[in-house]
Novice: 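Here's a structure for you.
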Amino acid sequence: MDELLTNLTATPAARVTDYAGRKGFDENFLGLPVPLPVLAGVNTALLPYTHFSVLMRLNKRLAAVTGVGIDGEKLMDLDRAGIPWKLDPRLPAGQQTGERVYARNDIDRGHLVRRSSAVWGDSVAEAQLANEDTFHYTNAAPQAAQFNQGIELWLGIEDYLQEHAAQYRSRVVVFTGPIFSDTDPVYRGVDIPLRFFKVAAFIHEGELAATGYVVDQTPQLAELPDVPRPGVTEDVPPLGPFRTFQVPIRDIAVLTELDVDQLIEVDRMPIAATLGAAPVGSTWRTLGNVEDLDLDFDLED
């Protein structure tokens, strides 16, 4: 079995030199510096793509965080048909996941940077390159198929922000990544994160603003027969199918150890201003739809 799975691991079809022109995430995308979060004390590798970057956490073989700028004025609707998933030749194969993790099971390659969020540009060629870049395994994380295919609200939050950017011809930055913990099940040598975070940053009335979100796939993973049963977490509200939360960005920083101090200061979730020493998870707001978002302003203004 192991030999067969090894043979299913993808091999890089591109050369390192093919990536020479990738500029990656633009920290000045919003008109003021908003850098990709960093993870101190952990061995990481920064991989720039078209309109987004991936900070790989090498000991996990998965991203620590991804960052994409969404240009609402230049978004394009391009097809994804026929685009293969591939390894990034800039990293050794052993420092990233490949098809071995996703073969013959109910685990999906869950995009971290959403394909549609990166597909924009001054030309179709630029947008198509971004389209193809999102299909690197470095931009994927193992997700239960039911979770990845059916979690409309999690995708709906980014749709909401993306549609707002398109409607008002504005720009949005989105940081996304796994929340690793000691309770994550290990499957085929890779930790499967139980939770994922998203932080959106944008300009509101001339000032930087941000909001944070967490989604949990624990219930879905527990239903997969060949995946070790997930552990129990005590720092979040009770779990349920597809539970999505709006959360203080401070809590995301605590759970991931990412440096997002700049965004904590501009968190527009009202409770974030009065957190004090509140335990992580104690102020999370369960979302049923995008109308449940708790902001101290109207995003449609």
Side-chain angles (χ1 to χ4, degrees), residues 36-44 54-68 97 101 107-114 138-144 147-148 151 153-155 157-158 174-187 190-201 210-222 224 227-261 263-264 267 269 272 275 278-287:
L36 187 76
V38 298
L39 186 62
V42 176
N43 193 15
T44 59
V54 175
L55 183 68
M56 286 293 291
R57 181 165 175 169
L58 301 180
N59 66 329
K60 297 291 187 180
R61 298 170 58 199
L62 296 169
V65 62
T66 64
V68 61
T97 60
V101 176
I107 295 178
D108 276 359
R109 311 167 193 84
H111 275 83
L112 294 174
V113 171
R114 289 191 68 199
T138 50
N139 185 43
Q143 295 176 348
F147 171 92
N148 188 35
I151 188 155
L153 179 57
W154 180 244
L155 300 180
I157 292 171
E158 195 158 334
V174 177
F175 299 123
T176 306
I179 297 176
F180 295 107
S181 77
D182 293 338
T183 60
D184 294 338
V186 178
Y187 178 71
V190 175
D191 291 2
I192 302 185
L194 300 180
R195 292 171 289 170
F196 296 85
F197 73 88
K198 191 187 304 290
V199 176
T211 53
Y213 311 92
V214 167
V215 69
D216 196 297
Q217 68 168 337
T218 302
Q220 287 69 48
L221 287 180
L224 300 184
V227 175
R229 189 168 184 83
V232 177
T233 60
E234 299 179 351
D235 55 355
V236 297
L239 303 175
F242 307 143
R243 290 203 72 173
T244 301
F245 305 91
Q246 182 178 355
V247 309
I249 298 172
R250 180 212 68 171
D251 286 10
I252 293 174
V254 172
L255 293 171
T256 64
E257 299 183 348
L258 288 165
D259 179 6
V260 289
D261 289 352
L263 301 178
I264 292 173
D267 192 344
M269 185 179 184
L275 277 176
V280 170
S282 63
T283 60
W284 291 17
R285 178 183 177 90
T286 303
L287 301 179

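FYI, side chains are in, hydrogens and waters are out, and symmetry mates aren't considered; it's all heavy atoms of this structure.
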Novice: Please tell me if the side chains of Val199 and Ile252 come closer than 4.5 Å, counting only heavy atoms from C-beta onward.
Specialist: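 Heavy-atom side-chain distance check passes, below 4.5 Å.
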
Novice: For Met269 and Arg285, work out which heavy atoms get closest and say how close.
Specialist: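 Minimum heavy-atom contact is CE-CB, 4.0 Å.
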
Novice: Report the residues that fulfil side chain to side chain donor-acceptor pair (under 3.5 Å) with Thr66, sequence neighbours left out, ordered by chain and then residue number.
Specialist: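 If we apply the side chain to side chain donor-acceptor pair (under 3.5 Å) test to Thr66, skipping adjacent residues, there are no hits.
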
Novice: Taking all atoms of both residues into account, what is the closest heavy-atom pair of Ala201 and Leu263, and its distance?
Specialist: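 The pair with the smallest heavy-atom distance is CB-CD2, 4.1 Å.
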
Novice: So, does Asp267 use its side chain to make a donor-acceptor pair with the main chain of Ile249 at under 3.5 Å?
Specialist: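 Such a contact is found between Asp267 side chain and Ile249 backbone.
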
Novice: Does any N or O in the side chain of Asp184 come within less than 3.5 Å of the main-chain N or O of Ser181, such that one atom is a donor and the other an acceptor?
Specialist: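 Pair found, side chain donor or acceptor close to backbone of Ser181.
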
Novice: How long is the gap from OG1 on Thr176 to CG on Asn139, to the nearest 0.5 Å?
Specialist: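 Here the rounded value is 9.0 Å.
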
Novice: Provide the closest heavy-atom pair for Ala141 versus Phe196 in the form atom of the first, atom of the second, distance.
Specialist: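 Minimum heavy-atom separation between Ala141 and Phe196: CB-CE2, 3.6 Å.
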
Novice: Which heavy-atom pair separates Val260 from Ala253 by the least distance, and what is that distance?
Specialist: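 Taking Val260 first and Ala253 second, the nearest heavy atoms are CG2-CB, 3.6 Å.
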
Novice: Any side-chain heavy-atom pair from Leu258 and Phe175 closer than 4.5 angstrom?
Specialist: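 The answer is no, as the side chains (C-beta and beyond) never meet within the 4.5 Å cut-off.
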
Novice: Measuring from Leu194:CG to Gln217:CD, what's the distance to the nearest 0.5 Å?
Specialist: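 Those atoms lie 7.0 Å apart.
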
Novice: Excluding sequence neighbours, so at least two apart, what forms side chain to side chain donor-acceptor pair (under 3.5 Å) with Asp251?
Specialist: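 Only Trp284 meet the side chain to side chain donor-acceptor pair (under 3.5 Å) criterion with Asp251.
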
Novice: Which atom names give the shortest non-hydrogen contact between Pro178 and Ala64, and what distance separates them?
Specialist: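 The pair with the smallest heavy-atom distance is CD-O, 4.0 Å.
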
Novice: So, the side chain of Asp259 versus the backbone of Pro37: is there a donor-acceptor pair under 3.5 Å, distance only?
Specialist: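 Side chain of Asp259 to backbone of Pro37, a donor-acceptor pair under 3.5 Å: no, none is there.
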
Novice: So Thr256 and Val65, side chain to side chain contact (heavy atoms under 4.5 Å, CB included) or not? Walk me through it.
Specialist: CA-CA 9 Å; Thr256 64; Val65 62; over 6 Å; no

Novice: When rounded to the nearest 0.5 angstrom, what distance separates CZ in Arg250 from CD1 in Ile264?
Specialist: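 Going from the CZ atom of Arg250 to the CD1 atom of Ile264 covers 8.5 Å.
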
Novice: Ile179 vs Val214, test: side chain to side chain contact (heavy atoms under 4.5 Å, CB included). Steps then yes/no.
Specialist: CA-CA 9 Å; Ile179 297 176; Val214 167; 3.9 Å; yes

Novice: Which atom names give the shortest non-hydrogen contact between Ala278 and Ser282, and what distance separates them?
Specialist: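 Closest approach of Ala278 to Ser282, heavy atoms only: CB-OG, 3.7 Å.
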
Novice: Rounded at 0.5 Å granularity, tell me how far CD in Gln143 sits from CZ in Arg109.
Specialist: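 The CD atom of Gln143 sits 12.0 Å away from the CZ atom of Arg109.
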
Novice: Rounded to the nearest 0.5 Å, what separates atom CG in Leu255 from atom CD in Glu257?
Specialist: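 The CD atom of Glu257 is 9.5 Å from CG of Leu255, to the nearest 0.5 Å.
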
Novice: Let me confirm one number: the CG-CD1 distance from Leu62 to Ile192, rounded to the nearest 0.5 Å.
Specialist: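 CD1 of Ile192 is found 9.5 Å from CG of Leu62.
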
Novice: State which residues pass side chain to side chain donor-acceptor pair (under 3.5 Å) with Asn59; sequence neighbours excluded, sorted by chain then number.
Specialist: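 Asn59 satisfies side chain to side chain donor-acceptor pair (under 3.5 Å) with Arg57 once adjacent residues are dropped.
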
